[in-house]
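Here's the structure we're looking at; comments come further down.
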2 protein chains.
Amino acid sequence: MDDTAAMPLDAETKVSERPADHEAELRLWLRLFTCTTLIEGEIRRRLREQFDSTLPRFDLMAQLDKAPAGMNLGELSQRMMVSNGNVTGLAERLVTQGLLERRPSPTDRRAQLVSLTAEGRRAFRAMARTHEGWIAEMFAGLKPGEIESLMQLLARAKASARKVAAAGESK
Amino acid sequence: MDDTAAMPLDAETKVSERPADHEAELRLWLRLFTCTTLIEGEIRRRLREQFDSTLPRFDLMAQLDKAPAGMNLGELSQRMMVSNGNVTGLAERLVTQGLLERRPSPTDRRAQLVSLTAEGRRAFRAMARTHEGWIAEMFAGLKPGEIESLMQLLARAKASARKVAAAGESK
DNA sequence: GGCAATTACTTTAAGCTTAAAATATATCCC
DNA sequence: GGGATATATTTTAAGCTTAAAGTAATTGCC
């Protein structure tokens with residue numbers, strides 16, 4: 001019935017509410033997660049209802065819209081931060097819809113080059129314009145200064161988390 | 001070269017680079033999303049590697065840990081903010097693993113009551129302790145004041161988004 | 001009592017996602 | 001040149017997630 005090992009240091013550990021050591025961080029994570037999930041869910045819902053599309057498809061198209069010459073699937077998966085296999089399936093569905101075009105890379109017979117079709121580009125631009133409005137709507141309750149503060153604090157949080165995540169993946 | 005506003009109608013608004021009216025909000029959303037995804041991915045990875053578990057399973061168990069008497073699936077799905085069908089499958093897998101127990105509700109023959117088994121409770125507590133440490137680790141780069149500021153700004157963002165999302169769902 | 005509406009849950013179909021294994025090609029080095 | 005290694009992509013198996021349709025039981029109301 002002693003507690004946490006050795007307890008090397010730092011007073012800090014108040015006692016009374018023992019378990020709560022990192023309560024502030026836990027609550028922050030919960031709030032961050034809830035906030036993101038709330039907005040994300042609404043965006044997904046609207047993409048589906050208004051454009052019969054999905055967030056991953058939108059993301060993929062956004063990457064290609066920035067690269068008119070097209071790119072291969074590996075590069076796409078890196079930029080989207082998802083697995084290779086994921087992009088394979090996503091691209092396939094977009095090709096079926098006529099929004100995406102694949103052709104073999106001229107320099108590497110293992111690789112495929114994908115790019116938006118004219119229709120894909122048109123469809124994406126329409127979605128993107130509307131999407132931008134949705135996001136503005138979601139954050140309409142924040143003042144410009146609050147947006148700026150949030151940006152900076154999230155940058156700090158991201159840097160902090162990135163350090164931890166990066167450490168693990170070198171492995 | 002001024003822009004936006006006024007300009008009500010626009011056929012198309014040609015003007016090459018239409019400057020993205022809501023760029024600040026868009027960048028904020030991107031950062032919020034990236035930050036959450038980064039942390040979430042690391043948590044998922046660790047749950048899998050260290051506990052052979054998943055985030056949805058962890059969340060479900062967390063709800064039940066707070067309700068020793070158990071609860072029915074509908075209540076669980078509400079608290080987790082996911083669909084009913086989702087909980088059905090999740091619970092099924094946890095039962096298979098011996099971490100969850102189902103029994104018919106004594107008062108309503110349509111309903112099931114679920115609760116953690118002794119083993120489930122033990123497993124959850126172990127995970128929760130470790131999980132708390134991970135979260136603290138992720139945010140270790142932030143000062144207490146920064147955590148506090150983030151909490152408040154995210155609360156404002158959440159309230160803003162909630163208003164928008166709620167408006168749509170009454171329908 | 002009996003029937004309509006509601007509620008609790010499950011099933012289905014579709015898509016997203018990943019890790020791991022498999023395939024095909026390219027590159028490096030002797 | 002030829003074999004080892006690395007790279008680009010696809011396939012597979014498993015799980016998560018949802019909306020919509022289906023089933024069963026309960027509740028409300030006449």
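Because the structure is a prediction, the values reported are computed rather than measured. Protein chains get the first letters and strands the later ones, always in sequence-line order, with residue 1 at the start of each.
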Do B:Leu47 and B:Ile43 touch side chain to side chain, with heavy atoms closer than 4.5 Å?
yes

pair A:Leu32-B:Leu32: side-chain heavy atoms closer than 4.5 Å:
yes

With sequence neighbours left out, which residue pairs that include part of residues 77-86 of chain B fulfil the salt bridge (Lys or Arg N to Asp or Glu O under 4.0 Å) condition?
B:Glu75-B:Arg79

In residues 29-39 of chain B, what residues come within less than 4.0 Å of DNA chain D, judged by heavy atoms?
none

Any Lys/Arg nitrogen of B:Arg122 or B:Glu119 sitting under 4.0 Å from an Asp/Glu carboxylate oxygen of the other?
no

Using side chain to side chain contact (heavy atoms under 4.5 Å, CB included) as the criterion, list what pairs up with A:Thr54, not counting sequence neighbours.
A:Pro56, A:Arg57

B:Arg45 CZ to C:dT17 C1', straight-line distance once rounded to whole Å
16 Å

Whole-Å distance between C:dC9 C1' and B:Leu113 CG?
13 Å

Decide yes or no for A:Val114 and A:Glu101: does some side-chain heavy atom of the first lie under 4.5 Å from some side-chain heavy atom of the second?
no

In chain order, what residues pass the side-chain hydrogen bond (donor to acceptor under 3.5 Å, both in side chains) check against B:Asp108, with sequence neighbours excluded?
B:Arg110

Mind running a 4.0 Å heavy-atom check of residues 99-106 of chain A against DNA chain D and sending the residues that fall below it, in number order?
A:Arg102

Would A:Phe58 and A:Phe51 count as a close aromatic pair, with their ring centres under 6.0 Å?
no

Does atom CD (B:Gln78) have a neighbourhood of more than 12 heavy atoms from anything else shown, all under 6.0 Å?
no

Without decimals, in angstroms, what is the distance between B:Ile43 CD1 and C:dT17 C1'?
18 Å

Any residue in residues 52-75 of chain B with a heavy atom nearer than 4.0 angstrom to DNA chain D? Just list them by number, or reply none.
B:Thr54, B:Pro56, B:Arg57

Of all of residues 79-90 of chain A, which get a heavy atom below 4.0 angstrom from DNA chain D, listed by number?
A:Asn84, A:Gly85, A:Thr88

Side chain to side chain contact (heavy atoms under 4.5 Å, CB included) with B:Lys143: which residues, sequence neighbours excluded?
A:Arg156, B:Glu146

Looking at A:Glu137 and B:Lys163, is there a salt bridge between them, counting it only when a charged N and a carboxylate O are closer than 4.0 Å?
no

Measure from CD on B:Gln78 to C1' on C:dA8 and round the result to the nearest Å.
11 Å

Contact under 4.0 Å: A:Arg44 side-chain N or O vs D:dT18 OP1/OP2
no

Which whole-number value in Å describes the distance from B:Phe51 CZ to D:dG15 P?
19 Å

Sequence neighbours excluded, which residues qualify as side chain to side chain contact (heavy atoms under 4.5 Å, CB included) partners of A:Glu40?
A:Thr36, A:Arg44, A:Leu55, B:Trp29, B:Phe33

Rounded off to whole Å, could you give me the CG-to-P distance for the B:Leu76 and C:dT7 pair?
19 Å

Kindly compute the distance separating CG (B:Leu153) from OG (A:Ser149), expressed to the nearest 0.5 Å.
5.5 Å

Close side-chain approach of B:Met127 and B:Met61, heavy atoms under 4.5 Å
yes

N/O to N/O distances under 3.5 Å, protein versus nucleotides 25-27 of chain D:
unit_1, atom_1, unit_2, atom_2, d
D:dT26, OP1, B:Arg109, N, 3.1
D:dT26, OP2, B:Arg109, NH2, 3.4

Run B:Arg45 and B:Arg48 through side-chain contact (heavy atoms from CB on, under 4.5 Å) and show every step you take.
CA-CA 5 Å; B:Arg45 192 173 68 75; B:Arg48 179 171 43 76; 3.6 Å; yes

Figure out the CZ/P separation between A:Arg93 and C:dA13, and round it to whole Å.
18 Å

Taking only nitrogen or oxygen atoms into account, show me every contact under 3.5 Å that the protein makes with nucleotides 21-23 of chain C, one pair per line with its distance.
none

To the nearest 0.5 Å, what is the distance between CZ on B:Arg121 and CG on B:Asp65?
5.5 Å

Roughly, in whole Å, what's the span from CD in B:Glu92 to P in D:dG15?
11 Å

To the nearest 0.5 Å, tell me how far A:Thr34 OG1 sits from B:Met81 CE.
5.0 Å

Would you mind listing every salt bridge (Lys or Arg N to Asp or Glu O under 4.0 Å) that reaches into residues 83-95 of chain B, with sequence neighbours excluded?
none

Taking the side chain as everything from C-beta on, heavy atoms only, tell me whether B:Leu64 gets closer than 4.5 Å to B:Leu100.
yes

